[in-house]
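A short worksheet on the structure shown next.
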Amino acid sequence: MRHLTRRDALALGAGATAFAIVVESVPAFAAPKEAADEIAKFSGGKALEPGKITIDLPEIAENGNTVPLSIIVDYPMNAEKYVSDILVVADGNPRPGLATFHLTPMSGRAEAATRIRLAATQNIIVVAKTSDGKFLTDQKQVKVTIGGCGG
Amino acid sequence: MADKPRIKLPKDAKTGEIIQIKTLISHVMETGLRKDASGNVIPRKIINKFTCEFNGKPVFSADIEAAVAANPYLQFAAKVEESGTFKFTWIDDDGTVTTAEEKITVA
């Protein structure tokens, strides 16, 4: 093996650094694909209709440890027609699932609110399943200043 | 888990009124992703399920993941047609079940 010149050594170093960055950033976070898988599991692969959902999230979350999230689905809530389940996923957290809400006509209004943890800037995707077999969806991006997943 | 869960809902309502319910329970919601000072993973311990029933009928429930913030807060709505009791249940990963009840007068 020939001796490394200074130039080779530098090039190697740069390559190794670039590699390290890629390796570090990939495994910790769920790819958008995992979020998509989660949604496909929920909807059984059915087509999603965009709209009818209002997602209330701050545009910029300074602290990813607790981010207020509120969801309202514009849909009737009576015995014949109601929103039965609401799936919430994030595409940039270590795991895509956030929560699944189960509603009944006794809920009166298709709404739910909670506080969530976000590791980084990412999209929050909401899918609402209705009793008549529709899947409504919408998503919203949140910019996160300080991630909230510890580690 | 020593703390009593906090629940906010009106004491009385009109028949058919849609009321808002807010609940909060003190809980660390340990994700199972964090490591302690010596590098060992801190095991997951979260509230994974919440349910709300009114007079024994389901109103609202939630499957909760580790991405829900500590001291999980949940807000939802309920339509009340009669006086009765709301029953709230929180289920921990370790099997601990915490329950609470609130009465409402509907006229």
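What you see below is based on every heavy atom in this structure, not just the backbone, and it leaves out hydrogens, waters and symmetry mates. A, B, ... follow the sequence lines: proteins, then strands. Residue 1 opens every chain.
In terms of heavy-atom proximity, A/G97 sits nearest to B/A67 at O-CB, 3.8 Å.
Cluster annotation: B/L74 is connected to A/V83 through the hydrophobic network of ILVMFWY side chains, with a link wherever side-chain heavy atoms come within less than 4.5 Å. If you chain together hydrophobic residues whose side chains sit under 4.5 Å apart, A/F135 and A/Y75 never meet in one group. Clustering ILVMFWY residues whenever any of their side-chain heavy atoms sit less than 4.5 angstrom apart, transitively, puts A/L103 in the very cluster that holds A/I55. A/V88 and A/I39 end up in different hydrophobic clusters when Ile, Leu, Val, Met, Phe, Trp and Tyr side chains are linked at under 4.5 Å. Neither A/L98 nor A/L87 shares a network with the other; the hydrophobic side chains, linked directly or stepwise wherever heavy atoms of I, L, V, M, F, W or Y lie under 4.5 Å apart, form separate groups for each.
Heavy atoms from other residues, nucleotides or ligands lying under 6.0 Å from CZ of B/R6 number 12 at most. Within a 6.0 Å radius of NZ in A/K52, other residues, nucleotides and ligands contribute 12 heavy atoms or fewer. Heavy-atom contacts from other residues, nucleotides or ligands closer than 6.0 Å to NZ of B/K87 number 12 or fewer. Counting non-hydrogen atoms of other residues, nucleotides and ligands closer than 6.0 Å to CD of A/E62 gives a total of 12 or fewer.
Among B/M29, B/K57, B/Q20, B/E17, the residue with the largest count of heavy-atom pairs under 4.5 Å with chain A is B/M29. Residue with the most contacts toward chain B among A/A110, A/G108, A/P105: A/G108 (heavy-atom pairs, distance under 4.5 Å).
For the atom pair CZ of A/R95 and CG of B/L33, the computed distance is 4.5 Å after rounding to the nearest 0.5 Å. Atom CD1 of residue A/I116 and atom OH of residue B/Y73 lie 13.5 Å apart, to the nearest 0.5 angstrom. Rounded to the nearest 0.5 Å, atoms NZ (B/K79) and OG1 (A/T104) are 11.0 Å apart. Expressed to the nearest 0.5 Å, how far CD of B/E65 lies from CZ of A/R117 amounts to 12.5 Å. One distance of note links CD1 of B/I64 with OG1 of A/T114; it measures 6.5 Å at 0.5 Å rounding. For the atom pair A/M106 CE and B/N55 CG, the distance stands at 7.0 Å (nearest 0.5 Å).
Heavy-atom distances place the side chain of B/L24, and not its backbone, under 4.5 Å from chain A. Contact of B/F50 with chain A is not made at all, since no heavy-atom distance falls under 4.5 Å.
In this structure, B/D63 and A/H102 have side chains that are in contact, with non-hydrogen atoms separated by less than 4.5 Å.
Between the side chain of A/S107 and the backbone N or O of B/V59, at least one donor-acceptor pair lies under 3.5 Å.
Taking the six-membered ring for Trp and the full ring otherwise, A/F101 and B/F60 have centroids separated by under 6.0 Å.
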